[in-house]
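Read through the structure below, which is laid out as structure tokens, and then see the notes.
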Amino acid sequence: MTVIEEFTFDTSNFLFFFLIFILTYITQFYLRYFSRQNPIPGPIPFPLIGNFETYRPNSSQWANELQKKYGDIFEVYLGGLFSLNNKQIWISNANLTNKLLSSHSNNNFPYRTTENEGLDKMDMTSKGIVFNRNINSWAYNRKILSQVLMAPKFLKKAVKNTKELFCEMEKYWEKLGYLNEQENDFNLASWMTRFMTDSVFNLTTNTNSHALLNYFNTLNKDEEEINNNHLLKESEKFVNYIRLHFVACIFFKDTPKLLRTILPTNRRKSKELLEVVAWLNNKVLELIRERKKEIENAEPDEELSADMLTLLLTINTNRDPKYAKATVDDDLINARPMSEDEVRENVYEIMGGGIDTTANTFCYVVYYLTHYPEVKQKMLQEIEKIFGKDTNCEITYEDINKLNYCGAIIKEVSRLMPTVSVLFRVSAKPDEIAGYKFPANTQFMINIPGIQMHTSYWKHPEKFDPDRFMYNEQIPKNALLYFGGGARVCMGKQLAILQLKALMILLYRKYDVELVDMSGGIKYTSTVVNHCEELPVKIKVKNSV
């Protein structure tokens, strides 16, 4: 054996050089960290794992703990071999968000994420609006969706849809004995998630997801044979896959390609999620093409459905009432129809973004109204003033918009329990915030709970007080971010508030609602979305004997 071979295969030499390599790497890591330009307060990272050791399962709690320790702007580092190149800037001060949440579409923070290979694989960085990094494509999609979501015809359909689904849910409650004198309790959170699933599916595609019926069937043991219905099973699969689509987005966004390829569990999960996405793509495209045929076969003067899918497919076509006004001089954004792939991605995003957020907010509304009977009484007085004492009185889009105190309740609940806890923004060019200079492609994280509970903007922020929104009290800019803010503010805001007010009317004008455990807090999981897991309630018809 040669000298080189002896040296190469000697275990002690290998361990010695490995130790030298590790020490050199750690030394270089911390030399770079402590000599970095533009240092911002924050926990000291570890090599490879960054600040992972500080993370808490409850992301809101984690961000607020760091805010108390390091202030309204701090930095954390994600894991990776070169983790100093993979940092996030967290902001918990409304005054520092003015650039990030500028309402101008050409502002310096137009993206939600940096370039992302995983989202590219999901085909989400050039379509839709959530993760679209193509500014022209994003502006086009946003303009079209805004037209659809804010159309009075669509919003009036939403009111009718909410009332019809609530009546369906009531029938299931009655069959399950929830409305009898024994005051049986049930988990409102599960019902509201199913309710909003049916609502969003109907408003988006004019089809029924049967989410309420399927949930009823799992609880109603007397009618188990219904569970064998192929149509119901197919719709349940569609609903579950829509939720898995959101899981896939997060997985591919946050898991580097190397980890998705090397680790067997991640490789298997990647394959399974891509199969889910492929199945969904085919199903949604089938739905799109079927609807296109229906539109083509409809008589020219026949009124089409006001669901989102139909509106997206007809906008900027000869079935669009505004189409005749377009000229060759109009901007491209105003002139072309949407492609099938664009429609598909927008359908995903509306379904994914409109179910849990509204369902969770309504559960939090119920929780706070139960704990604050004086607020509930003022709400009931406003409802009676607008709709009278008849519990069957017609609920109209126009009358719902008169419910100012109900709107204040929604704002205050959303301030204390925001369904989305963080907003993402990425700089397109170098910029300066709070005296710190940041290069292009810096990831900023806006801590919504930290801002909405900040004593600089709110008197007694821990107090539940809807009146703070009723007397023209000036709310500082970006201090309330319950639907996001800036150029990427949620376009479904008007729709969500409309649905929440309608649900408040339908539930509270007819039923007395109590929590099963008044001493317990809200049971929820907190990541990017604060998801209400459980809200056990019991209800009874008012004035019943």
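The first residue of the sequence shown is numbered 1, and numbering continues consecutively from there. Just so you know, these numbers come straight off a predicted model, no measurement behind them.
Relative orientation of the Y457 and H454 rings is tilted, given thresholds of 30° and 60° on the angle between their planes. Ring geometry, W90 versus W62: the interplanar angle exceeds 60°, so the pair is classed perpendicular (tilted spans 30 to 60°).
Considering all non-hydrogen atoms of both residues, E340 and K292 come closest at OE2-NZ, 3.2 Å. Of all heavy-atom pairs between L309 and V347, the closest is CD1-CG2, 4.4 Å. For the residue pair L423 and G484, the shortest heavy atom distance occurs at CD1-CA, 3.9 Å. Residues A440 and A428 come closest through the heavy atom pair CB-O, 3.5 Å. Between M124 and C249 the shortest heavy-atom distance is SD-SG, 3.2 Å. The minimum heavy-atom distance between Y482 and K493, with the atom names listed, is OH-CE, 3.6 Å.
Annotation for K69: atom NZ does not count as buried by contact number, only 12 or fewer foreign heavy atoms lying within 6.0 Å. Within 6.0 Å of the CD atom in Q37, the count of heavy atoms belonging to other residues, nucleotides or ligands does not exceed 12. With a 6.0 Å radius and a threshold of 12 heavy atoms from other residues, nucleotides or ligands, Q61 has its CD atom above the threshold. Counting non-hydrogen atoms of neighbouring residues, nucleotides and ligands closer than 6.0 angstrom, the NZ atom of K99 exceeds 12 such neighbours. For K237, the NZ atom is densely surrounded, since the number of other residues' heavy atoms within 6.0 Å is greater than 12.
In terms of modelled atom types and a separation under 3.5 Å, the side chain of Y368 and the main chain of L416 share no donor-acceptor contact. Checking side-chain atoms of S270 against main-chain N and O of N266 turns up no donor-acceptor pair under 3.5 Å. A donor-acceptor pair under 3.5 Å is absent between the side-chain atoms of R142 and the main chain of I129, judged by distance alone. Here the side chain of N187 pairs a donor or acceptor atom with the backbone of L535 at under 3.5 angstrom. With hydrogens and angles disregarded, no donor-acceptor distance shorter than 3.5 Å links the side chain of E272 to the backbone of R267. Looking only at distances, a side-chain donor or acceptor of D198 sits under 3.5 Å from a matching main-chain atom of L212. N360 places a side-chain N or O within donor-acceptor distance of the main-chain N or O of C532, the cut-off being under 3.5 Å. Of the possible polar contacts, one joining the N38 side chain to the K437 backbone as a donor-acceptor pair under 3.5 Å is found. Between the side chain of T310 and the main chain of A306, no donor-acceptor pair closer than 3.5 Å is present. A donor-acceptor pair under 3.5 Å links the side-chain atoms of N116 to the main chain of K253, judged by distance alone.
By the 4.5 Å heavy-atom criterion applied to side chains, Y70 and E75 are not counted as neighbours. L165 has its side chain out of reach of N202: every pair of non-hydrogen atoms, C-beta onward, lies at least 4.5 Å apart. Residues N208 and S235 form no side-chain contact, since every pair of their non-hydrogen atoms from C-beta on lies 4.5 Å or further apart. Side-chain contact between V276 and V247: absent, with no pair of heavy atoms (C-beta onward) separated by less than 4.5 Å. Proximity of L149 to I350: side-chain heavy atoms (C-beta onward) are separated by under 4.5 Å at one or more points. Side-chain atoms of T358 and M192, non-hydrogen and from C-beta on, never get closer than 4.5 Å to each other. Using a 4.5 Å heavy-atom cutoff, the side chains of Y367 and V413 are not in contact. Put simply, the side chain of F483 does not reach to within 4.5 Å of the side chain of S414, judged on heavy atoms.
At least one cation-pi condition fails for R112 and F424: the charged atom is not both under 6.0 angstrom from the six-membered ring centre and inside a 45 degree cone around its axis. In this structure, R36 forms a cation-pi arrangement with Y33, its terminal cationic atom sitting closer than 6.0 Å to the ring centre and no more than 45° off the ring axis.
D120 and T125 form a side-chain donor-acceptor contact under 3.5 Å, judged by distance and modelled atom types alone. There is a side-chain donor-acceptor pair under 3.5 Å between N132 and S137. Neither side chain, T314 nor D320, offers a donor N or O lying under 3.5 Å from an acceptor on the other.
Sorted by first and then second residue, the side-chain hydrogen bond (donor to acceptor under 3.5 Å, both in side chains) pairs with a member in residues 494-504 read S199-Q499, Y397-Q494; sequence neighbours excluded.
For F109, the ring-ring contact (aromatic ring centres under 6.0 Å, His included) test picks out F444, with sequence neighbours left out.
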Audit row: V76, M445, side-chain contact (heavy atoms from CB on, under 4.5 Å) steps and yes/no: CA-CA 10 Å; V76 296; M445 316 293 281; over 6 Å; no

Steps toward side-chain contact (heavy atoms from CB on, under 4.5 Å) verdict (K87, Q443): CA-CA 7 Å; K87 69 178 179 180; Q443 179 76 67; over 6 Å; no

K121 and L274: CA distance, side-chain angles, deciding distance, side-chain contact (heavy atoms from CB on, under 4.5 Å) verdict: CA-CA 9 Å; K121 197 173 187 67; L274 286 177; 3.6 Å; yes

Steps toward ring-ring contact (aromatic ring centres under 6.0 Å, His included) verdict (F195, F362): CA-CA 11 Å; F195 179 95; F362 185 69; 8.2 Å; no

Residues I44, Y30; criterion side-chain contact (heavy atoms from CB on, under 4.5 Å); working and verdict: CA-CA 9 Å; I44 298 174; Y30 282 113; 3.8 Å; yes

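Of the inter-residue distances, the one linking T204 atom OG1 with N346 atom CG reads 10.5 Å to the nearest 0.5 angstrom. To the nearest 0.5 angstrom, L101 atom CG is 11.0 Å from L96 atom CG. Note that the CG atom of N441 and the CD atom of E115 stand 6.5 Å from one another [nearest 0.5 Å]. Atom-to-atom distance recorded for Q67:CD and N64:CG is 5.5 Å, nearest 0.5 angstrom. Note: K477 NZ to S103 OG = 6.5 Å, rounded to the nearest 0.5 Å. Put simply, CD on Q88 and CG on N51 are 9.5 Å apart, with the number rounded to the nearest 0.5 Å.
Checked for salt-bridge contact, E275 and R268 miss the test: no charged N lies under 4.0 Å from a carboxylate O. Salt bridge K459/D465: absent, no basic N to carboxylate O contact under 4.0 Å. Ion pairing between a basic and an acidic side chain is recognised when a charged N comes within 4.0 Å of a carboxylate O; E412 and R415 show such pairing. A salt bridge is absent between E349 and K127: the closest approach of a Lys/Arg side-chain nitrogen to an acidic carboxylate oxygen does not fall below 4.0 angstrom.
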